[in-house]
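Note that the structure is predicted; figures quoted are calculated from it, not measured. The figures that follow rest on heavy atoms only: side chains count, while hydrogens, waters and symmetry mates do not.
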Amino acid sequence: AFPIGMRSKHKDCVIIASANTTGQGATLEYIGRNRLDAAMLNRFVFVRMDYDYKLEENLAYVTYKNVIQRELNDIDKSILGQSLIDFWLLRQVINELEIKHIISQRNLIQQTTLLAGGVSGSEILDIVILRSLDDETRNKIKENSKKAAVDALKKKLEKAKEEDLI
């Protein structure tokens, strides 16, 4: 109840809450989280949501455009597209290797800002994506990313051959 009494919700009202954890307290990744009361947690339905690639593509496009202060040309779009593919591939590799390292939309915005500002992909990799990781882990991610990229390219070529495109 509110201090002014109960109020009815509007027929079109939908409330959505989100969190990085499920209310059970701190995790290795999110150490500053408090455990929530069971009665509080019981009020919610937990729906696991992964990253939205379309949203990330739009975030990257808008970020890049805001940095360069003009519409993207075909070269910009190609550079940005490859950057997104690399970002998603790195996130996938890190998850597959079960490395406790978050690659979030915040990192995508950082990467895109630096890319639009002329920073090289290898430097962005080191200062945005792999920062705070030890050399052994960095090398493991880089090596597995190369393998994953080659595998993805092979699959594309096989598909193109099946469709008689090449």
Q.
Run the salt bridge (charged side-chain N to carboxylate O under 4.0 Å, His left out) test on R138 and D126 for me, step by step, so that the C-alpha distance in whole Å, both residues' side-chain angles and the decisive distance to 0.1 Å come before the verdict.
A. CA-CA 8 Å; R138 286 170 172 252; D126 286 333; 3.0 Å; yes

**Q.** K142 vs L125, side-chain contact (heavy atoms from CB on, under 4.5 Å): CA-CA, chis, key distance, verdict
**A.** CA-CA 9 Å; K142 287 177 181 180; L125 178 63; 3.7 Å; yes

Q: Just do the side-chain contact (heavy atoms from CB on, under 4.5 Å) check on I141 and I99 with the steps written out, would you?
A: CA-CA 9 Å; I141 292 169; I99 295 169; 3.6 Å; yes

Q: Start with the C-alpha gap between K155 and E158, add the side-chain angles, then the distance that decides, and say whether salt bridge (charged side-chain N to carboxylate O under 4.0 Å, His left out) holds.
A: CA-CA 5 Å; K155 285 180 185 176; E158 287 171 11; over 6 Å; no

Q: List the steps and the verdict of side-chain contact (heavy atoms from CB on, under 4.5 Å) for L41 and F46.
A: CA-CA 9 Å; L41 291 173; F46 289 84; 3.9 Å; yes

Q: Report the C-alpha distance between L84 and L108 in whole Å, list the side-chain angles of each, state the deciding distance to 0.1 Å, and finish with yes or no for side-chain contact (heavy atoms from CB on, under 4.5 Å).
A: CA-CA 8 Å; L84 277 165; L108 177 62; 3.8 Å; yes

Q) Hey, mind stepping through N95 and Q92 against side-chain hydrogen bond (donor to acceptor under 3.5 Å, both in side chains) and telling me if it holds? A) CA-CA 5 Å; N95 288 338; Q92 176 186 328; over 6 Å; no

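In terms of heavy-atom proximity, S104 sits nearest to F87 at O-CZ, 3.3 Å. Between S145 and L89, the shortest heavy-atom contact is O-CD2, 3.5 Å. Q105 approaches R91 most closely through the heavy-atom pair N-NH2, 4.4 Å. Summarising the geometry of L115 relative to I124, their closest heavy-atom pair is N-CD1, 3.5 Å, with the distance given to 0.1 Å. The two residues I102 and Y51 have their closest heavy-atom pair at CG2-OH, 4.2 Å. Among all heavy-atom pairs drawn from K65 and R70, the shortest one is CG-O, 3.3 Å.
N139 places a side-chain N or O within 3.5 Å of a backbone atom of D135 that can act as its donor or acceptor partner. In terms of modelled atom types and a separation under 3.5 Å, the side chain of N58 and the main chain of L55 share no donor-acceptor contact. S83 contributes no side-chain N or O that, together with a main-chain N or O of I79, makes up a donor-acceptor pair within less than 3.5 Å. Side-chain N or O atoms of T113 include one that pairs as donor or acceptor with a backbone N or O of I109 at under 3.5 Å. Of the possible polar contacts, none joining the Q111 side chain to the I129 backbone as a donor-acceptor pair under 3.5 Å is found.
The line from NZ of K161 to NZ of K159 is 15.5 Å long, rounded to the nearest 0.5 Å. The NZ atom of K77 sits 8.0 Å away from atom CD of E71, with the distance rounded to the nearest 0.5 Å. The distance from the NZ atom of K156 to the CG atom of D151 is 13.5 Å, given to the nearest 0.5 Å. Atoms CH2 and CG, on W88 and D86 in that order, are 11.0 Å from each other to the nearest 0.5 Å. Taking CG of N66 as the reference point, atom OG1 of T112 lies at 11.0 Å (rounded to 0.5 Å).
Both Y61 and L114 are members of a single hydrophobic cluster when ILVMFWY side chains are connected at heavy-atom separations under 4.5 Å. By the rule that hydrophobic residues join a cluster once side-chain heavy atoms approach within less than 4.5 Å of another member, I127 and I94 end up as members of one cluster. Taken together through direct or relayed side-chain contacts under 4.5 Å among Ile, Leu, Val, Met, Phe, Trp and Tyr, Y53 and Y64 form part of one hydrophobic cluster. Linking ILVMFWY residues whenever their side-chain heavy atoms come closer than 4.5 Å, directly or via other members, leaves L97 and V150 in distinct clusters. There is no path of hydrophobic side-chain contacts, each under 4.5 Å, that joins V119 to V67.
In this structure, the side chains of I85 and Q82 come closer than 4.5 Å at one or more pairs of heavy atoms. Between K140 and E136, every side-chain heavy-atom pair lies at or beyond the 4.5 Å cut-off. Side-chain contact between H101 and L133 is present, with at least one heavy-atom pair separated by less than 4.5 Å.
Remark: K9 NZ is packed, more than 12 non-hydrogen atoms of other residues, nucleotides or ligands lying under 6.0 Å away. Surrounding CZ of R106 are at most 12 heavy atoms belonging to other residues, nucleotides or ligands under 6.0 Å away. Shown here is N73, whose CG atom has more than 12 heavy atoms of other residues, nucleotides or ligands within 6.0 Å. More than 12 heavy atoms of other residues, nucleotides or ligands lie within 6.0 Å of CG in L153, so this atom counts as buried by the packing criterion.
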